[in-house]
Amino acid sequence: MESKAVNFKTFRGIDNAFLVIVACFIIAVCVYKFILGDPANFVDGDPNNHPVNGNMLGTIYKGGVIVPVLQCLFLTVLVLSVERWFAIGMAKGKGSLTKFARNIKALLAKNDIQGAEELCAKQKGSVASVVYATLQKYKEMESVDNIAKEQKLANIQKEIEEATALELPTLEQNLPILATMTTLGTLVGLLGTVLGMIKSFAALANAGSPDSVALSAGISEALVNTAFGIATGAFAVIFYNFYTNKIDKITYCIDEVGFTIVQTYAATHKQ
């Protein structure tokens, strides 16, 4: 039987993360070219020269073509993290999940199914949606007389699982991309570091005195890309673990209330 989960949320997240990545890449290229590469950041207004003393924008520009790629990855992490903040916040609903679960259990203990449904309507969010669908199945089983009690309990449990299966994918949406960024950001940063060191050693290998401009450019590229890669990977892993923990709490709340509903039916109905 198809689940009757009711959608109490209005924002479920960004469906097409590819568009986010494309938009972030365009922004990153524009920042690299027009802000970091502004001639005012360099000696004699020439981006091929040293950055003006103490000018960090010019120093970052010297990181080379890997910089906009790393900026794109970093921006993607930030955008998707903000997107998950709103989506998971909507999934939790309007109030504390702990308080919601406690109130639902109290209402079920008094067999006040109508009150529990009204509480779900006030709470909204994924947990309320799953609980509401389960309460609907609860009432349906009360009106059915031609099946055994064990089958009714199994039907209620199945409704919990189906409703949960409808909600969980929206909670975990885009989290795999954040997980990928934890490794990808570090690897791309490492690639930029290697390319920068290659330039540095190439400058040292020149006949006569080393080309100081080429040498400094290679070192800048190596260090800037290392910094961006580490920052991207660090932010990605922090946000990924943060939101995974929040989703685990939501899932636990659903399991707790669902178990209470099943046990309430088992204790208050003979068939």
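What you see below is based on every heavy atom in this structure, not just the backbone, and it leaves out hydrogens, waters and symmetry mates.
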| request: Look at the side-chain heavy atoms of Ile, Leu, Val, Met, Phe, Trp and Tyr, link any pair under 4.5 Å apart, and say whether L191 and L187 land in one connected group. | output: no
| field | Heavy-atom check, side chain of P47 versus side chain of Y61, under 4.5 Å | value | yes
| said: Regarding K152 and E142, does a basic nitrogen lie under 4.0 Å from an acidic carboxylate oxygen? | reply: no
| note | So OH of Y240 and CG of N245: to nearest 0.5 Å the spacing works out to 12.0 Å
| task | For residues I104 and T260, determine if any side-chain heavy atom of one lies less than 4.5 Å from a side-chain heavy atom of the other. | result | no
| Joint cluster assignment, L80 & I247, ILVMFWY side-chain distance < 4.5 Å | yes
| said: Tell me if a side-chain donor or acceptor on R84 pairs with a main-chain N or O of Q173 at a distance below 3.5 Å. | reply: yes
| said: Tell me which pairs pass side chain to side chain donor-acceptor pair (under 3.5 Å) where either residue lies in residues 222-235, with sequence neighbours left out. | reply: T193-T226
| query | Got a second to check how far M141's CE is from E159's CD, nearest 0.5 Å? | reply | 9.0 Å
| Connected-component partners of V237 among ILVMFWY, side-chain separation under 4.5 Å | I238
| said: Give me the atom names and distance for the closest heavy-atom approach of L135 to A116. | reply: CD1-CB, 3.6 Å
| So how far is it from L184 CG to L70 CG, rounded to the nearest 0.5 Å? | 9.0 Å
| Are K62 and V67 close enough that some pair of their side-chain heavy atoms sits under 4.5 Å apart? | no
| message | If you count heavy atoms of other groups shown closer than 6.0 angstrom to OH of Y32, is the number above 12? | response | yes
| query | With a 4.5 Å limit on heavy-atom distance, are the side chains of L153 and E150 in contact? | reply | no
| request: Kindly say whether V131 contributes a backbone atom to a donor-acceptor pair with the side chain of Q136 at under 3.5 angstrom? | output: no
| task | Look at the side chain of D44 and the backbone N and O of D46, then say whether any donor-acceptor pair between them is shorter than 3.5 Å. | result | no
| E83 side-chain N/O to I14 backbone N/O, donor-acceptor pair under 3.5 Å | yes
| query | Are L175 and V20 connected in a single hydrophobic cluster, I mean Ile/Leu/Val/Met/Phe/Trp/Tyr linked by side-chain heavy atoms less than 4.5 Å apart? | reply | yes
| Any side-chain heavy-atom pair of Q71 and L36 under 4.5 Å | yes
| What pairs with K246 under side chain to side chain donor-acceptor pair (under 3.5 Å), at least two apart in sequence or on another chain? | none
| message | Assess the residue pair I88 and I250 against the criterion (side chain to side chain contact (heavy atoms under 4.5 Å, CB included)); give the C-alpha distance rounded to whole Å, side-chain angles, the decisive distance to 0.1 Å, and a yes or no. | response | CA-CA 9 Å; I88 294 178; I250 291 175; 4.0 Å; yes
| Distance, nearest 0.5 Å, that separates OG1 of T182 from CD1 of I177 | 12.5 Å
| query | Do Y243 and S81 come close enough that some side-chain heavy atom pair is under 4.5 Å? | reply | yes
| field | Any residue meeting side-chain contact (heavy atoms from CB on, under 4.5 Å) with V22, in chain and number order, not counting sequence neighbours | value | F18, I26
| request: Starting at SG of C30, measure out to CD1 of I35 and round the result to the nearest 0.5 Å. | output: 8.5 Å
| query | Can you name the residues that form a side-chain contact (heavy atoms from CB on, under 4.5 Å) with K99, not counting sequence neighbours? | reply | S96, R102, N103
| task | Show your working on side chain to side chain contact (heavy atoms under 4.5 Å, CB included) between L108 and T268 and close with a plain yes or no. | result | CA-CA 10 Å; L108 290 174; T268 57; over 6 Å; no
| request: Carefully, step by step, assess V144 and I147 under the rule side chain to side chain contact (heavy atoms under 4.5 Å, CB included). | output: CA-CA 7 Å; V144 176; I147 58 177; 3.8 Å; yes
| Partners of N41 by side chain to side chain donor-acceptor pair (under 3.5 Å), sequence neighbours excluded? | N55
| said: For a side chain to side chain contact (heavy atoms under 4.5 Å, CB included) check, start with the C-alpha distance between Q263 and I261, then their side-chain angles and the critical distance, and finish with the verdict. | reply: CA-CA 5 Å; Q263 291 303 307; I261 294 175; over 6 Å; no
| said: Is any side-chain heavy atom of L166 closer than 4.5 Å to one of S129? | reply: no
| remark: Contacts satisfying ring-ring contact (aromatic ring centres under 6.0 Å, His included) that involve residues 252-271 (not counting sequence neighbours) are Y138-Y265, Y138-H269, Y265-H269
| message | Once ring-ring contact (aromatic ring centres under 6.0 Å, His included) is applied, do any residues pair with F228, and if so which ones, sequence neighbours excluded? | response | none
| request: For K149 and A266, indicate whether the former's side chain and the latter's backbone hold a donor-acceptor pair under 3.5 Å. | output: yes
| field | OG1-CD1 distance between T134 and I160, expressed to the nearest 0.5 angstrom | value | 4.5 Å
| message | Using every non-hydrogen atom in the two residues, find where C253 and A101 come nearest and quote the distance to one decimal. | response | SG-CB, 3.8 Å
| Under the side chain to side chain donor-acceptor pair (under 3.5 Å) test, residues paired with N155 that sit two or more places apart | Q151
| query | Linking I/L/V/M/F/W/Y whenever any side-chain heavy atoms sit under 4.5 Å apart, do F42 and V65 land together? | reply | no
| task | Find out whether L73 and I21 are in side-chain contact, i.e. whether some heavy atom of one side chain is under 4.5 Å from a heavy atom of the other. | result | no
| query | Closest heavy-atom contact between A91 and L171? | reply | CB-CD2, 3.1 Å
| According to the salt bridge (Lys or Arg N to Asp or Glu O under 4.0 Å) rule, which pairs have a member within residues 247-264, sequence neighbours left out? | K105-E256
| request: Spell out, as yes or no, whether a donor-acceptor pair under 3.5 Å connects the side chain of T183 to the backbone of T180. | output: no
| remark: In terms of heavy-atom contacts, A163 and A133 come closest through CB-CB, 4.1 Å
| message | Whether E140 and K137 form a salt bridge (side-chain N of Lys/Arg under 4.0 Å from carboxylate O of Asp/Glu) is what I want to check. | response | yes
| Greater than 12 external heavy atoms within 6.0 Å of N53's CG | no
| ILVMFWY cluster, V69 and I230 together (side-chain gap under 4.5 Å) | no
| field | Closest approach of C120 to A128 (non-hydrogen atoms, all atoms of both residues) | value | O-CB, 3.4 Å
| With sequence neighbours left out, what residues match N241 under side chain to side chain donor-acceptor pair (under 3.5 Å)? | none
| message | With ring-ring contact (aromatic ring centres under 6.0 Å, His included) as the rule and sequence neighbours excluded, what pairs involving residues 62-119 come up? | response | F74-F235
